[in-house]
Amino acid sequence: MISLRQALLTWYRQSGRTLPWRQTRDPYAIWVSEIMLQQTQVKTVLPYYERWLTLFSTVQALAIAEQQQVLKAWEGLGYYARARNLHRAAQAVVLKHNGVFPSDFATVMQLPGIGRTTAGGILSAAFNQPIAILDGNVKRVLARLLALPVPPKRAITQLWHCSEALIDPTFPRDFNQAIMDLGATVCTPQQPLCANCPWKEHCRAYNQGIQAELPMSETRVPIPHKVIGVAVIWNDQGQILIDRRRQEGLLGGLWEFPGGKVEPGETIEACIQREIREELGIEIAVGDRLIVVDHAYSHFRVTLNVHHCRHVSGKPQAIECDEVRWVALAELDQYPFPKANLQIIEALRKGSAKDEG
DNA sequence: GACCCGTGGTT
DNA sequence: TAACCAAGGGT
């Protein structure tokens with residue numbers, strides 16, 4: 001056990017990554033990084049992390065910000081509940097803990113958006129507390145170290161015990177960072193670089209030559225494909241109608257161009273007209289197609305058929321959303337949109353620029 | 001415990 | 001191209 005720890009720590013001090021959130025011990029900054037890194041790769045997070053700490057440099061600054069500012073800063077990162085929970089948790093830290101991030105595991109776990117792995121990640125990194133973690137990297141490393149004969153999801157309890165048994169009681173901060181780096185840079189999902197691994201002598205998978213077969217994969221359900229009709233509705237003032245999605249569920253709190261699912265046998269145009277009547281209570285005329293956007297979410301994929309539309313009658317009502325608003329094209333970038341909708345905005349910009357040019 | 005929740009990169 | 005996967009948590 002001791003030689004395992006020392007081998008990993010020695011490797012880390014030689015080959016570990018230099019990352020901005022390792023240059024600080026500010027619990028808030030480390031917390032922000034841990035939330036952004038959930039299910040998201042380091043390379044993707046880096047620019048968001050730097051910008052976030054410029055916009056919201058303290059937990060107090062985040063707590064007093066408007067949710068729309070917070071979502072705008074998160075725009076493009078995905079899993080937007082992370083941003084909403086981080087915002088709520090910042091308000092809880094200010095109100096319940098006098099703006100001081102708690103150092104007690106059970107208290108940290110109470111904060112929205114922080115589970116067992118994130119709590120351990122923050123407390124070990126910020127306070128050097130010996131609390132184990134079990135993220136995707138650690139699961140893969142341990143599945144190979146143990147030659148786990150089942151998918152990691154079927155052995156969560158065993159993997160937690162293993163992570164707790166392994167963590168170095170003297171250098172828990174470095175140990176947790178080191179095992180994640182090992183998974184990210186050496187014990188990779190495909191073609192692991194076992195020759196460079198400090199644990200190759202201890203790794204059951206390597207010694208059996210089955211490291212490429214592990215961890216065993218989960219059986220996945222095929223993801224459905226939805227065809228969606230989307231409306232860019234113009235009024236006589238040259239404004240566009242957008243709506244804000246409800247807080248709960250997919251893309252909660254973000255703005256979008258209204259629309260909905262095409263029913264079997266229905267044309268795109270008929271779908272758009274029907275959906276706008278049902279969701280906003282107005283009549284429109286459906287015009288030319290603007291763009292077709294294909295986009296993959298985590299559990300389904302969509303094709304957005306986007307059409308220019310003209311407002312005919314009725315005042316838009318927030319029937320199936322939180323808010324509706326008429327906005328100018330130039331104002332759209334003030335609102336947080338999902339990625340698929342940013343492509344629509346780009347298409348509108350190009351069309352507008354072409355008209356002028 | 002199963003399902004829901006985004007996006008980008010890689011193969 | 002389609003499939004797979006990444007510093008998980010909430011319900």
Side-chain angles (χ1 to χ4, degrees), chain A residues 16-17 19-22 30-49 71 74-86 88-89 108-125 132-141 143 151-157 159-160 163 173 176-185 187-192 212 214-225 245-254 256 293-302 336-343:
Chain A
R17 295 174 291 184
L19 299 170
W21 42 87
R22 290 180 181 167
I30 292 167
W31 172 27
V32 169
S33 77
E34 290 286 340
I35 301 300
M36 288 187 171
L37 287 162
Q38 289 171 0
Q39 299 294 103
T40 309
Q41 294 183 340
V42 166
K43 185 181 175 184
T44 305
V45 164
L46 284 170
Y48 283 91
Y49 176 78
L71 288 174
W74 202 272
E75 183 184 66
L77 252 189
Y79 285 132
Y80 297 93
R82 295 185 295 174
R84 301 194 304 271
N85 286 334
L86 179 57
R88 283 200 298 140
V108 172
M109 283 283 288
Q110 302 283 342
L111 295 169
I114 299 183
R116 188 170 171 184
T117 286
T118 301
I122 297 169
L123 291 176
S124 62
I133 58 174
L134 189 62
D135 70 332
N137 287 311
V138 178
K139 282 178 190 166
R140 183 172 56 258
V141 169
K153 194 172 291 180
R154 303 292 162 200
I156 291 298
T157 302
L159 290 170
W160 271 112
S163 183
R173 171 190 293 123
N176 277 347
Q177 298 300 313
I179 193 170
M180 285 191 286
D181 268 17
L182 187 69
T185 66
C187 196
T188 49
Q190 276 86 31
Q191 298 171 353
L214 296 180
M216 292 187 67
S217 61
E218 321 280 348
T219 57
R220 287 201 183 196
V221 296
I223 63 173
H225 178 212
R245 295 175 63 90
R246 290 179 169 152
Q247 288 286 313
E248 65 276 11
L250 185 73
L251 307 168
L254 275 69
E256 67 175 3
V293 178
D294 281 305
H295 194 78
Y297 293 97
S298 51
H299 55 299
F300 64 93
R301 60 191 184 90
V302 294
F337 282 91
K339 267 289 183 179
N341 280 240
L342 294 180
Q343 290 188 50

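Remember, predicted model here, so these are calculated numbers, not experimental data. Naming: A, B, ... by sequence-line order, numbering from 1 per chain.
Among the heavy atoms of the strands lying under 4.0 Å from A/Leu19 is at least one base atom, whether or not backbone atoms are also near. Nucleic acid contact for A/Arg17: base, since at least one base atom lies under 4.0 Å from a heavy atom of the residue. Using a 4.0 Å heavy-atom criterion, one finds that A/Trp74 contacts no nucleic acid atom at all. Among the protein residues, A/Gly121 comes within range of no part of the nucleic acid, since none of its heavy atoms lies under 4.0 Å from any strand.
Scanning for salt bridge (Lys or Arg N to Asp or Glu O under 4.0 Å) contacts around A/Arg17 gives A/Asp181, with sequence neighbours left out. Listed by chain and residue number, A/Glu164 satisfy the salt bridge (Lys or Arg N to Asp or Glu O under 4.0 Å) test with A/Arg116 (two or more places apart in sequence, or in another chain). A search for side-chain hydrogen bond (donor to acceptor under 3.5 Å, both in side chains) contacts involving A/Arg154 returns nothing, not counting sequence neighbours. Qualifying side-chain hydrogen bond (donor to acceptor under 3.5 Å, both in side chains) partners for A/Glu256, counting only residues two or more places apart in sequence or in other chains: A/Arg245. Checked against side-chain contact (heavy atoms from CB on, under 4.5 Å), A/Thr40 has the following partners two or more places apart in sequence or in another chain: A/Thr44, A/Val45, A/Leu77, A/Arg82. The side-chain contact (heavy atoms from CB on, under 4.5 Å) test applied to A/Asp135 returns A/Thr117, A/Asn137, A/Val138, A/Met180, not counting sequence neighbours. Shown here are the side-chain hydrogen bond (donor to acceptor under 3.5 Å, both in side chains) partners of A/Arg84, two or more places apart in sequence or in another chain: there are none.
Counting non-hydrogen atoms of other residues, nucleotides and ligands closer than 6.0 Å to CD of A/Gln191 gives a total of 12 or fewer.
Between A/Tyr49 and A/Trp21, the ring centre distance stays below 6.0 Å.
Residue A/Arg301 is the one, among A/Thr117 and A/Arg301, whose nearest nucleotide of DNA chain C lies closer to the 5' end (criterion: closest heavy atom). When each of A/Gly113 and A/Trp21 is assigned the nucleotide of DNA chain C bearing its nearest heavy atom, the one mapping closer to the 5' terminus is A/Trp21.
Rounded to the nearest Å, the gap between the P atom of C/dA7 and that of B/dC3 is 24 Å. Remark: the separation of the P atoms in C/dT11 and B/dG6 is 14 Å, to the nearest Å.
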Sugar-phosphate or base contact per nucleotide [nucleotides 1-11 of chain B; S, B, -; heavy atom under 4.0 Å]: ---SBBBS---
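Boundaries of the chain A contact region on DNA chain C are C/dC5 to C/dG10, first to last in 5' to 3' order (nucleotide atom under 4.0 Å from a heavy atom).
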